[in-house]
Structures are given as C-alpha cells and as structure tokens.
Q: 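I have a structure here, written as structure tokens, and I will follow up with some questions on it.
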Amino acid sequence: MPHELPKAYDPSAIEARWAEYWVKEGLFEVPSSKIPTLGKTGQGWGTPVFCMQLPPPNVTGRLHMGHMLNHTQMDIMARWHRMRGFVTEWLPGTDHAGIATQMMVERQLASEGKQRRQMGREAFVERVWEWKRHYGGAIVEQMKRIGDTVDWSREYFTMDENLSRAVREVFVRLYEEGLIYRGKYIVNWCPGCLTAISDLEVVHEETPGKLYEIKYPVIGSNEFITVATTRPETMLGDTAVAVNPRDARYAHLHGKRVMLPLMEREIPIILDELAQPEFGTGAVKVTPAHDPNDFQAGLRHNLPQIDIMDETAHMNQNAGAYAGLDRFAARERVVADLRERGLLAAVKDYVVPVGKCDRSKDIVEPRLSTQWFMAMTKEGRNGEPSLAARGREVVARGEVRFTPENYKTIYLHWMENIHDWCISRQLWWGHRIPAWYCAAHQHITVARETPAKCATCGSTDLTQESDVLDTWFSSGLLPFTSLGWPEKTRDQEIFYPSTLLITAYEILFFWVARMIMFGCHFMRDHKQDAAIKQASGFADRGDDSVPFREVYIHALVRDAERQKMSKTKGNVIDPIEIIGKYGTDATRFTLAAMASPGTDIAFNPARTEGYRAFANKIWNAARFIFMNMDRGPRNTPTLGNSGQGWGTPETLEDRWILSRFHRTARELNEALESYRFDEAAHRVYTFFWGDFCDWYIELSKLRLNAREPEVALAALAILTHVFDGALRMLSPFMPFITEELWHALYGGKPELKSIALAAFPEHDDALISESLETEMSVLQDLIVSVRQMRHDLKIEPKVSVPIRVFADDAVRRLIEGNREAVERLANVSGITFVDSELSKVASARHTARFDVVVEYEKKVDTAAERARLEKDLAKMETELANARRQLANEQFLAKAPEKVVEGLRRRAGELAVLIEKAQTALQALA
RNA sequence: GGGCGGUUAGCUCAGCUGGUUAGAGCGCCUCCCUUACAAGGAGGAGGCCGCAGGUUCGAGUCCUGCACCGCCCACCA
C-alpha cells in the first residue's frame with residue numbers, strides 16, 4: 001500500500017525534489033557549534049575528519065563535462081566518508097575570475113553601446129558586482145541540482161570582504177618579507193586583454209612562419225653582418241648586434257659598429273653567448289625591449305631599451321616612419337623596405353613557436369613594463385627555503401601525495417624550473433593591489449588598509465596602485481582563507497590541512513602548486529590535532545602546514561570520438577542535456593565507471609543509456625520487494641542505521657548472497673580507498689545486477705511463495721536487508737534513486753532523514769566464504785548447462801523437462817538440497833540421479849563436478865552437437881598439452897609456488913577426465 | 001629541444017605486486033512479453049593482447065628497440 005512505485009523509473013520525477021530537500025534540510029552542513037574546542041585536555045577529538053576544497057568554479061561558468069566528472073568524484077568521496085562516520089566538510093565557493101568576468105561584462109556593455117573607460121572604474125566595478133549578483137549563481141544552482149553534498153553554510157566568494165582582507169594580509173606580509181617586489185621587466189603582454197599575464201597563461205603553438213636574414217652594413221667598411229630573425233619588425237628597436245666571442249668568422253668585427261637599416265641608427269656589435277654560432281648566421285640582433293633574452297643581454301651590456309610599440313601592439317613614435325602601424329602590418333612594410341634596399345639576404349621557411357593568450361588567443365607580445373612579481377626561488381631573510389623549494393620538498397617527501405603517481409614527477413620538474421610569478425593585472429575587476437604612491441616622489445607604501453600618509457616622506461597625497469592581482473593569487477590562498485585565516489579559528493584547527501583535493505590536470509600549476517606554496521608558507525606553524533590526525537588516517541604524515549594531504553588528478557573528458565571538446569568544434573556534450581535524457585544518477589555512474597587512471601574519458605552516451613537501464617533495474621528490484629512486503633504480514637524487520645535486525649541466514653542462497661555482499665563491500669571500500677572509481681562502480685554494478693537480481697531474487701521467489709508465512713517472512717527479511725545494504729553501497733554513486741527508495745522503504749521514520757546519513761557497509765570477514773561461493777557456482781553451472789541443452793534442443797521455454805545427473809556424493813547432496821531451485825531456474829520437472837557417467841548419451845553436458853542430460857524425445861542436432869564437442873575438445877587438448885609440458889618441467893616444479901603447481905595439477909586431472917568424456921560422446925554420436 | 005601516456009573483442013575500456021581457462025558494457029546472432037523489470041530474461045558468436053627481440057620454469061603484465069596515435073612543458077634568433 002505505501003509502496004506505490006511506477007513501473008518504469010523516471011529520474012525527472014524525483015531528482016529535483018531530493019536536490020531541494022538536501023539543501024533545505026542543511027544535511028551536509030557542519031555548523032561551528034558542533035565542532036568541539038580542542039586542546040585543553042590534550043585529549044583531542046578522536047573523530048575522523050574528511051575535508052575537501054572545491055575547485056571554485058568561475059562566476060561566469062556553466063557546468064561542463066569536466067565539472068561533472070570532477071564533482072561526481074568529489075561527491076562520491078564526500079558521501080562515502082560521511083557514511084563511514086567522518087565529519088565531512090566540503091567547502092564550496094565561487095571565483096571572481098578576473099579577466100573572464102571583466103570581458104563578459106564589457107561585452108554586455110558593448111551591446112549597450114557603452115565602454116568601460118567612459119564609465120570609470122568605480123561605476124564599472126559596481127556594474128560587475130551587479131552582474132555577479134544576477135548571473136553569478138548559475139553554476140551554484142547546477143551544483144545543487146546534481147546533488148553535490150557541499151556545506152552551503154560555509155559558501156564563499158573570493159571577493160568577499162573577509163577573503164579580500166586575507167588577500168591584503170598575505171600581500172603585505174610577503175612584501176615585507178621581500179618576496180613580493182615591483183620592477184620593470186619583460187612580461188607577457190596580451191594586446192587584446194590589455195594586461196600582463198603570467199607564463200602559465202601563455203599557450204605555445206608551433207606555427208609555420210619565416211626566418212628572415214637581414215644585412216646590417218658595418219660602419220667603416222663595405223661589409224655587412226647578416227642577422228636572422230623571425231620578427232623583423234622588432235629591428236626598429238634594435239640597440240646592438242651580438243656575435244659569439246668564440247666565433248672566428250666575426251673576430252675581425254669585434255668592436256665595430258653597424259648602421260641599423262631603416263632607422264639609420266648606429267649600434268654596436270657586442271660579444272655575447274646569446275649568439276650561438278650554429279644557429280642561422282651566428283649573428284643576432286638585440287632588441288632589449290621586445291625579447292626576454294635580449295633584455296638580459298641588454299642588461300649585461302648596458303644597452304638602451306627602445307620600446308617601439310604601444311599597449312595595443314601598434315608601432316609608436318620610436319618606430320619612426322612606421323608609427324601607427326599594427327605589428328603585422330609593420331612587419332610587411334619593414335620586409336618590403338628592406339627588400340627594396342637590397343638588405344634582405346634570405347627568407348626561409350621556419351616553424352615559429354608562437355605564444356598566444358590563453359583567454360583571448362591574441363599573440364602575446366613580450367613587453368617591457370613595470371609589474372609586481374612574487375619571488376619563487378628567493379630564500380627568506382633568515383635563510384628559510386624559498387617558496388618553490390618548500391613547495392617542492394613536501395611533495396618530494398610525500399607529505400602531499402599525488403594520484404596517479406606520475407604527476408609527482410611532473411610537479412617536481414615544474415617546481416625545479418619555476419620563474420618568478422607576475423601577479424599584477426591591468427584590470428579593474430579583482431583584488432586591487434594594496435600599494436599606494438605618493439604624488440611627490442612615487443614612494444611605495446604597502447598597507448593592509450588605506451594609509452593616511454606616505455610611509456617614506458609623509459606626504460598625504462597618495463594614489464592607490466591601479467592594478468589588481470592575478471585571480472590565482474586569491475584562489476591559491478583558499479585552503480586557509482576559506483577557514484577564517486588570518487584569525488586562528490576552530491575551523492582551521494579541525495579542517496586544516498584538508499584531506500583530499502580532486503582536480504583537473506590543467507590547473508595543477510595554476511592552482512595546486514600555488515596552494516602548496518602559500519599553504520606551506522603561511523601555515524608553517526600549524527599543527528593538526530594529533531587525535532584527529534590519527535583517526536583520519538594520517539598519523540604517518542609529518543608536515544601539517546600543507547594545504548591538503550592527497551591530490552587526485554582526474555581525467556579529461558572527451559567526446560565519443562576521443563576529440564577534445566571545444567565550442568569551435570561544436571562537439572561539446574552538455575551534461576545538463578545528458579542528465580535530462582538519462583538522469584543524474586546514470587550520468588554520474590557513467591563518469592565514475594569510466595574513470596580509470598591514466599586515460600582520458602571518451603564520453604559515450606550509449607554507456608549512460610546502459611546505466612539508466614541499471615537504475616531502472618534497481619527501481620524494479622525495489623518494486624518486487626515492496627510488492628512482497630505489501631502482500632505479506634506488515635511486520636517487516638527494522639533496519640536502517642543499525643545494520644542489525646534481519647533474520648538468521650539459513651539457506652545456501654542466503655549465506656551465499658551475504659558472502660557476496662560482504663566481499664563486495666570489502667572490494668568496494670578498497671577500490672575507493674585507492675580512488676579506483678571505475679572499479680568501485682563495476683563491483684557494485686555486478687553485485688547488484690549479476691548476483692542479487694539474476695540469482696538471489698530469482699531464488700528467493702521459491703520461499704516468498706511458500707505456504708508457511710514464517711518461511712516467506714524470513715526470506716523477505718534477508719532479501720530486504722541485502723537490498724538495504726546494496727542501496728547504501730550505491731548511494732554515493734547514485735544518490736537520487738537510492739534516496740527515493742530508502743524513503744520508500746523506511747518512509748516516515750524521522751530518525752532516518754537520508755540515506756546519505758546512514759552507515760556505509762563494512763565487510764565482515766566471517767561471512768565471506770570461498771567454499772560457499774564454490775558450492776553455489778556448482779548449482780549455477782548445473783542450471784546454465786541445462787538451459788544450454790534446452791536451447792540447443794529447441795525445447796519450448798514453457799515446457800518442463802526432467803533431467804538425469806551423475807555426480808559424486810557431495811555434489812549430489814548439494815543438488816538434492818537445492819532441488820527446487822534447480823527445477824525453478826532451469827524449468828526442470830524432476831531430477832534423477834544415476835550411478836554411471838553420461839558421456840555416451842548424445843547431447844549430455846560434462847563438467848568436472850557432474851554430468852547432466854535432459855530427458856527429451858526431440859531429435860538431437862548431431863552435426864551441431866559434434867561441432868560443439870570438437871571445438872571444446874580441441875581447446876581442452878591444447879590446454880592439457882600445455883599443462884602437461886609445464887608439469888614435466890622440473891624447473892617449474894622447483895620454482896613455481898606450491899599453489900600454482902597444485903592448481904595446474906588439479907586442472908590437468910579435470911581436463912583428462914573431460915577430454916575422455918568428450919571423446920566417448922563423439923564416438924556415441926558417430 | 002625535454003618529458004609523459006596510449007596501442008587488448010566490431011566500438012569504448014578493465015586486467016592491481018608476472019602464475020592455472022584474458023574480462024565488462026555497448027553492438028551482433030538465436031529464443032522468450034515467464035506473475036520486479038522488453039530500459040527486461042535465457043543462450044551464443046567474437047581476441048597470435050601494435051611489431052621485433054630479450055629476461056624468466058612461466059610474459060597481456062618486466063626490459064630493449066621499432067611503428068603508429070595523443071598530451072604536456074620550453075625566454076634561444
């Protein structure tokens with residue numbers, strides 16, 4: 001009566017309801033009031049803690065397949081730990097995403113015919129806030145919809161006041177420690193975004209291009225020196241030509257000067273290792289303002305830096321006649337002019353590595369500019385290791401562990417070759433750098449709050465730095481700032497370091513590496529409570545300053561053809577669409593099942609369709625159980641959280657399914673412990689469908705239909721219990737359907753608010769039995785053999801037929817004890833045991849444990865039967881020959897483990913018998 | 001220029017420290033609307049584990065080389 005479920009599972013009918021329920025009930029919030037104060041007694045708090053930081057999605061973001069995978073894995077981990085009794089804190093938030101958001105709002109403005117610069121900074125920033133309030137919650141809503149069990153009570157935004165204060169605190173401290181500095185260097189400049197960007201934001205592409213050889217006239221001779229370049233337009237800013245001091249070809253030109261063509265400027269020939277004799281002509285033009293290597297060379301030789309471009313990469317006054325031209329137009333003109341003057345020695349095809357802006361795809365311009373940097377390799381004032389050194393150490397030592405392990409090498413390699421980080425951005429949206437300049441001297445005052453006067457000269461005429469910080473600066477701080485830093489909060493005591501970070505490879509350096517560096521620096525005095533650390537399973541990890549102990553890098557999701565998804569290719573699979581079609585559970589299960597380590601995921605909706613069928617299977621198994629509950633007496637056993645209260649297993653199938661269940665629980669937990677989502681999903685899938693539905697439910701029907709109510713009730717009790725456990729196992733993977741069915745099962749009990757708060761199944765070794773499972777497999781073999789014969793003999797499915805069986809006493813007792821099961825599942829009308837082998841009977845089946853034949857007058861298809869036997873025979877003979885060869889090998893007998901030898905002997909014995917039977921049967925057929 | 005990953009059934013992928021008969025899903029073939037489920041049930045076909053060597057009693061698994069895909073990193077013109 002209460003269990004009215006529709007025949008087919010319809011995810012859309014239940015998912016939104018539970019998504020809302022979970023949020024409304026605040027089921028996954030960990031209120032501070034529930035966290036005990038630590039440390040007073042030295043006793044600590046022995047509860048295991050599981051904490052995870054969400055890679056904060058951009059406010060401009062919408063859920064894509066990568067998120068879906070990432071969130072599925074995180075949610076599985078969160079739910080699994082929570083159900084295992086961990087205090088589980090999964091911290092959600094969103095990222096202000098400087099450039100992305102600013103660009104989005106600028107585009108919106110453009111459609112209204114407005115421009116950011118006309119509006120002014122203040123009005124623009126206000127407009128972005130407005131946009132954020134309006135549209136910034138989209139992805140958060142999507143997270144709620146897919147069932148992420150994050151703690152919404154702790155949700156943050158990276159530009160919240162408290163987080164912004166923390167950002168300033170960090171900036172000031174690092175500046176005071178000399179680890180943040182300001183200076184004029186060559187940076188990566190994006191002429192589209194009009195800002196500097198970091199090395200990481202530059203994507204390198206090998207592009208077919210040209211290598212130009214240009215002749216520079218040597219002053220005081222008729223000679224030319226020829227330089228090679230891929231960027232001829234930059235010659236307008238040349239301030240030297242370099243040759244290698246060891247290069248004999250140019251020895252006679254040492255100390256001479258050349259006339260820079262087009263600009264008619266005299267520049268020196270310098271000697272520098274920059275010029276490599278093997279490359280090109282061995283002479284290289286030096287443009288200190290437009291090339292990082294030339295910049296360094298310029299410093300070495302005290303060369304002037306002539307900046308010939310403006311911020312939009314157009315030539316400026318310094319480019320003389322070329323002023324006003326865009327850099328590519330300038331290139332054409334320069335080349336044409338050189339050719340006209342006969343100064344272009346050669347133009348060769350050449351593959352040029354072009355750096356493009358990650359965001360706008362504009363070609364990045366190396367540009368001389370004053371920016372703020374963070375020193376990566378500089379030691380502390382008292383000789384403390386540099387940020388990079390610390391960040392490297394903790395990973396090298398295994399204080400932070402990567403899965404899959406090969407990312408450790410990649411990370412270490414990157415850390416060892418790291419460069420200073422350009423942290424300033426010429427944007428308006430972001431954390432404004434807390435530095436002020438006095439009008440009179442441009443002295444810098446760095447302060448937490450707006451200072452009243454210049455720290456150096458006391459001037460009160462101060463202007464704040466207009467640049468903002470790289471977005472990754474603030475997100476790199478999240479592991480501690482999201483827990484209330486710089487205050488020493490209880491949250492921090494309990495939840496720092498977080499347990500696990502699950503993220504994409506793409507942001508390993510952008511985010512993960514920075515979090516490690518920041519964390520180790522600012523939390524260096526942090527000690528995690530020993531009892532919590534122990535209970536959480538990290539007693540062996542020394543360093544508590546790390547932001548997290550484990551990092552799991554998930555795969556890339558591609559389309560079904562293994563192509564990288566991209567908007568331009570138009571092959572983007574929208575998870576929301578997939579969810580609409582197959583349900584969230586099926587989508588989640590697909591991603592979990594396909595997440596094998598080391599490979600990208602080729603997302604194929606056909607697979608999701610299969611898992612929708614799985615959900616339907618679960619649904620209908622529930623309907624079957626409910627149907628029986630409704631039929632029988634209403635005193636179903638009390639289950640729920642206790643894990644107690646079901647009847648005593650009496651029958652073989654009961655003990656078998658419990659063995660399978662506990663084995664599955666064991667394997668499932670082991671798989672999840674090593675982040676094998678694919679294996680975990682596979683285990684629970686085959687258990688539920690293969691063991692529980694295909695065999696156990698079918699077997700249970702015998703007893704459920706029994707006359708005696710006690711028998712039916714006992715069967716129902718165990719059936720329900722195993723189903724209850726299976727639901728819990730499935731719950732982290734398929735939260736919606738399991739929640740629905742859980743409530744259908746226990747509805748109305750207020751203490752059972754959610755399956756997500758129930759206990760996850762833990763295995764009991766005492767209930768796992770190898771011999772029991774072997775016994776069951778004999779019965780299964782028998783049933784399958786009979787079904788095969790029925791099929792081969794084309795016996796009508798509805799017709800029951802008697803069978804004859806030959807077996808030893810033990811197997812015979814087993815079959816007799818489960819006679820009804822065999823009769824029902826193989827549609828057999830009676831079992832007769834015989835005392836001699838059945839090999840002479842046409843169509844009989846032989847296994848190592850029994851021979852079986854169906855009694856049926858219909859004619860045997862002799863040809864087909866012979867073909868089958870011959871094929872089997874051939875296979876067995878090869879196998880036996882191999883086995884005998886090995887068993888005759890003394891080396892094998894001496895060196896292989898006893899178990900292997902024994903196993904092979906047994907197998908060889910079986911084969912010999914089976915071959916003999918097959919041969920007899922073949923003769924009988926003839 | 002450096003580094004990394006992949007190659008197993010028609011397709012997409014498992015196969016954990018080398019060990020008896022290489023697995024799954026989808027697809028395919030045959031039968032069945034059997035009182036939970038046709039998004040289902042039952043049965044079946046299909047694999048010199050990329051190529052060539054080597055180590056070993058034993059190799060899909062370890063080593064070397066090759067081929068073909070793919071990815072990442074990189075301030076040398």
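All chains are named by letter (A, B, ...) in the order of the sequence lines, taking the proteins before the strands, and each is independently numbered beginning at 1. A quick note: this is a predicted structure, and the numbers were derived from the prediction, not measured.
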Q: Nearest to the A/Arg787 side chain among B/rU20, B/rA36, B/rA42, which nucleotide is it?
A: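 Closest nucleotide to the A/Arg787 side chain: B/rA42.
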Q: Return the nearest nucleotide to the side chain of A/Gln276; candidates are B/rC73, B/rG41, B/rC76.
A: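 The closest nucleotide is B/rC76.
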Q: What nucleotide among B/rA42, B/rC75, B/rA24 has an atom nearest to a side-chain atom of A/His682?
A: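 The closest nucleotide is B/rA24.
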Q: Restricting to side chain to side chain donor-acceptor pair (under 3.5 Å), what partner residues turn up for A/Glu820, sequence neighbours left out?
A: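 Counting only residues at least two positions away or on another chain, A/Glu820 forms no side chain to side chain donor-acceptor pair (under 3.5 Å).
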Q: Scan nucleotides 47-50 of chain B against the protein and return all N/O pairs shorter than 3.5 Å with their distances rounded to 0.1 Å.
A:
none

Q: How long is the gap from CE on A/Met789 to CD1 on A/Ile803, to the nearest 0.5 Å?
A: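 Nearest 0.5 Å value for the CE-CD1 distance: 7.0 Å.
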Q: Of all the nucleotides listed (B/rG19, B/rC75, B/rA39), which has the minimum atom distance to the side chain of A/Phe892?
A: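 The nucleotide sitting nearest to the side chain is B/rG19.
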Q: With the threshold set at 4.0 Å, does a side-chain nitrogen-carboxylate oxygen contact exist between A/Lys875 and A/Glu870?
A: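 A/Glu870 and A/Lys875: not salt-bridged.
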Q: Looking at B/rA45, B/rU56, B/rA42, which one has an atom nearest to any side-chain atom of A/Lys871?
A: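 Of the options given, the side chain of A/Lys871 lies nearest B/rA45.
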Q: On a whole-Å scale, what distance lies between the C1' atoms belonging to B/rU7 and B/rU20?
A: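 Rounded to whole Å, the distance is 27 Å.
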Q: Measure the distance from CD on A/Glu679 to P on B/rA14 and round it to the nearest whole Å.
A: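 Rounding to the nearest Å, CD of A/Glu679 and P of B/rA14 are 12 Å apart.
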Q: Hey, does the side-chain of A/Glu698 have a donor or acceptor N/O within less than 3.5 Å of a partner on the base of B/rA42?
A: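 Between B/rA42 and A/Glu698, which were checked side chain against base, a qualifying N/O pair under 3.5 Å is absent.
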Q: Could you tell me how far B/rA45 sits from B/rC51 if I compare only their C1' atoms? Round to whole Å.
A: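 My reading of the C1' atoms in B/rC51 and B/rA45 gives 28 Å.
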Q: Considering only side-chain heavy atoms of A/Ala896, which listed nucleotide, B/rA14, B/rG19, B/rG41, is closest?
A: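 Side chain of A/Ala896 sits closest to B/rG19.
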Q: Quantified in whole Å, what is the C1' atom distance between nucleotide B/rU21 and nucleotide B/rC4?
A: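 Rounded to whole Å, the distance is 36 Å.
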Q: Any side-chain heavy-atom pair from A/Leu719 and A/Phe692 closer than 4.5 angstrom?
A: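 They are in contact (side-chain heavy atoms under 4.5 Å apart), so the answer is yes.
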Q: Quickly work out the A/Asp694 CG to B/rG40 C1' distance and round it to whole Å.
A: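 Nearest whole value for this atom pair: 10 Å.
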Q: To the nearest Å, how far apart are A/Phe614 CZ and B/rG41 P?
A: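 Computing the A/Phe614:CZ to B/rG41:P distance gives 12 Å.
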Q: With the side chain of A/Gln891 defined as its heavy atoms from C-beta on, choose the nearest nucleotide among B/rA36, B/rC57, B/rA39.
A: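 Nearest listed nucleotide: B/rC57.
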Q: Taking atom P in both B/rA9 and B/rG50, what distance in whole Å separates the two?
A: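 About 8 Å, rounded to a whole number of Å.
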Q: May I ask you to decide whether A/Arg907 forms a salt bridge with A/Glu879, counting only side-chain N to carboxylate O separations under 4.0 Å?
A: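 Here A/Arg907 pairs with A/Glu879 in a salt bridge, since their nearest N and O are under 4.0 Å apart.
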Q: Here's a test of your reading of the structure: between A/Gln886 and A/Lys285, which maps to the more 5' nucleotide of RNA chain B?
A: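 Nearest nucleotide further toward 5': that of A/Gln886.
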Q: Quick check on RNA chain B: between A/Val900 and A/Leu274, whose nearest nucleotide comes earlier from the 5' end?
A: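 Closest to the 5' end, via its nearest nucleotide, is A/Val900.
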Q: If I take atom CH2 in residue A/Trp414 and atom C1' in nucleotide B/rC73, what distance separates them, rounded to the nearest angstrom?
A: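 Rounding to the nearest Å, CH2 of A/Trp414 and C1' of B/rC73 are 11 Å apart.
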Q: Going by the rule salt bridge (Lys or Arg N to Asp or Glu O under 4.0 Å), which residues pair with A/Lys356 if we only count those two or more places apart in sequence or in a different chain?
A: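 Testing A/Lys356 for salt bridge (Lys or Arg N to Asp or Glu O under 4.0 Å), a comparison that skips the adjacent residues, returns A/Glu205.
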Q: May I ask you to check whether A/Tyr185 and A/Phe373 place their ring centers less than 6.0 Å from one another?
A: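 Yes - the distance between ring centres of A/Tyr185 and A/Phe373 falls below the 6.0 Å cut-off.
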Q: Could I get the full list of side chain to side chain donor-acceptor pair (under 3.5 Å) partners for A/Lys348, not counting sequence neighbours?
A: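 A/Lys348 satisfies side chain to side chain donor-acceptor pair (under 3.5 Å) with A/Glu213 only.
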Q: Roughly how far, to the nearest 0.5 Å, is CD1 of A/Ile14 from CD of A/Glu740?
A: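 It is 4.5 Å, given to the nearest 0.5 Å.
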Q: Which residues pass the salt bridge (Lys or Arg N to Asp or Glu O under 4.0 Å) test with A/Glu405, not counting sequence neighbours?
A: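 In terms of salt bridge (Lys or Arg N to Asp or Glu O under 4.0 Å), with neighbours along the sequence ignored, A/Glu405 is linked to no residue.
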Q: Checking A/Thr584 now: which residues fulfil side chain to side chain donor-acceptor pair (under 3.5 Å) with it, not counting sequence neighbours?
A: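 Counting only residues at least two positions away or on another chain, A/Thr584 forms a side chain to side chain donor-acceptor pair (under 3.5 Å) with A/Glu15, A/Arg145.
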Q: Using the P atom in both, what is the distance from B/rC29 to B/rC69, to the nearest Å?
A: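 Looking at atom P only, B/rC29 and B/rC69 are 34 Å apart.
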Q: According to ring-ring contact (aromatic ring centres under 6.0 Å, His included), who are the partners of A/Phe677, at least two apart in sequence or on a separate chain?
A: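 In terms of ring-ring contact (aromatic ring centres under 6.0 Å, His included), with neighbours along the sequence ignored, A/Phe677 is linked to A/Tyr552.
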Q: Check the distance between B/rC75's C1' and A/Leu368's CG and give it to me in whole angstrom.
A: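 These atoms are roughly 15 Å apart.
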Q: Which nucleotide wins on minimum distance to the side chain of A/Ala8, given the candidates B/rA74, B/rA39, B/rG44?
A: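 Nearest nucleotide to the side chain: B/rA39.
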Q: May I ask you to say what A/Asn889 touches in the nucleic acid, namely base, sugar-phosphate or nothing, with a heavy-atom cut-off under 4.0 Å?
A: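 Sugar-phosphate contact only.
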Q: Specify the separation, in whole Å, of atom NZ of A/Lys701 and atom C1' of B/rC37.
A: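 Rounded to whole Å, this separation is 9 Å.
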Q: Hey, does A/Asp294 reach any base, or is it just sugar-phosphate, or nothing, if we go heavy atoms under 4.0 Å?
A: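 Contact class for A/Asp294: none.
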Q: Whole-Å distance between B/rC75 P and A/Asp420 CG?
A: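 A/Asp420 atom CG is separated from B/rC75 atom P by 13 Å.
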Q: Give me, pair by pair, the N or O atoms of the protein and of nucleotides 3-10 of chain B that are less than 3.5 Å apart, along with how far apart they are.
A:
residue	atom	partner	partner atom	Å
B/rG5	O2'	A/Gly598	O	3.4

Q: Whole angstrom is fine here: how far is it from CD in A/Glu201 over to C1' in B/rC72?
A: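 In whole Å, B/rC72 C1' and A/Glu201 CD are 17 Å from each other.
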Q: Remember a base hit wins even if backbone is also touched, and classify A/Arg676 as base, sugar-phosphate or nothing at under 4.0 Å, heavy atoms.
A: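 It contacts sugar-phosphate atoms only.
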Q: Within the structure shown, what part of the strands sits under 4.0 Å from A/Pro897 by heavy-atom distance: base, sugar-phosphate, or nothing?
A: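 The answer is base, as A/Pro897 lies within the cut-off (heavy atoms under 4.0 Å) of a base atom.
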Q: For the side chain of A/Arg907 and the base of B/rU21, is some donor closer than 3.5 Å to an acceptor across the two?
A: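 Between B/rU21 and A/Arg907, which were checked side chain against base, a qualifying N/O pair under 3.5 Å is present.
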Q: In terms of side-chain heavy atoms of A/Asn620, which of B/rC37, B/rG41, B/rG43 is nearest?
A: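 The closest nucleotide is B/rC37.
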Q: Could you pull out all residues at least two apart from A/Tyr407 that satisfy ring-ring contact (aromatic ring centres under 6.0 Å, His included)?
A: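 Applying ring-ring contact (aromatic ring centres under 6.0 Å, His included) to A/Tyr407 gives A/Tyr505.
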Q: Please state whether the rings of A/Phe589 and A/Tyr685 are parallel, tilted or perpendicular, taking 30° and 60° as the class boundaries.
A: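 Correct class here is tilted.
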Q: Provide the distance between the two P atoms, one in B/rC72 and one in B/rG27, to the nearest whole Å.
A: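 Looking at atom P only, B/rC72 and B/rG27 are 33 Å apart.
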Q: Are A/Tyr212 and A/Thr230 close enough that some pair of their side-chain heavy atoms sits under 4.5 Å apart?
A: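 The answer is no, as the side chains (C-beta and beyond) never meet within the 4.5 Å cut-off.
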Q: I want to verify a distance call: between B/rU56, B/rC37, B/rG15, whose nearest atom is closest to the A/Lys895 side chain?
A: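 Nearest to the side chain of A/Lys895 among the choices is B/rU56.
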Q: Taking atom C1' in both B/rA74 and B/rU61, what distance in whole Å separates the two?
A: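 Their C1' atoms lie roughly 34 Å apart.
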Q: What would the secondary structure line of RNA chain B be in dot-bracket form, counting Watson-Crick and G-U wobble pairs under 3.5 Å, with [ ] for pairs that cross earlier ones and | for pairs with another strand?
A: (((((((..((((.....[...)))).(((((.......))))).....(((((..]....))))))))))))....
Q: Got a sec, which residues hit side chain to side chain contact (heavy atoms under 4.5 Å, CB included) with A/Glu865, two or more places apart in sequence or on another chain?
A: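 Partners of A/Glu865 under the side chain to side chain contact (heavy atoms under 4.5 Å, CB included) test: A/Ser843, A/Arg845, A/Val860, A/Arg868, A/Leu869, A/Leu925.
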Q: Might you list the N or O atoms of the protein lying below 3.5 Å from N or O atoms in nucleotides 25-34 of chain B, with each pair's distance?
A:
residue	atom	partner	partner atom	Å
B/rU30	O2	A/His791	NE2	3.0

Q: Mind checking the P distance from B/rG10 to B/rG46? Whole angstroms is fine.
A: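 Going atom to atom, P in each nucleotide, I get 11 Å.
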Q: Does some side-chain heavy atom of A/Asp420 sit less than 4.5 Å from a side-chain heavy atom of A/Cys422?
A: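 No, too far: nothing below the 4.5 Å cut-off.
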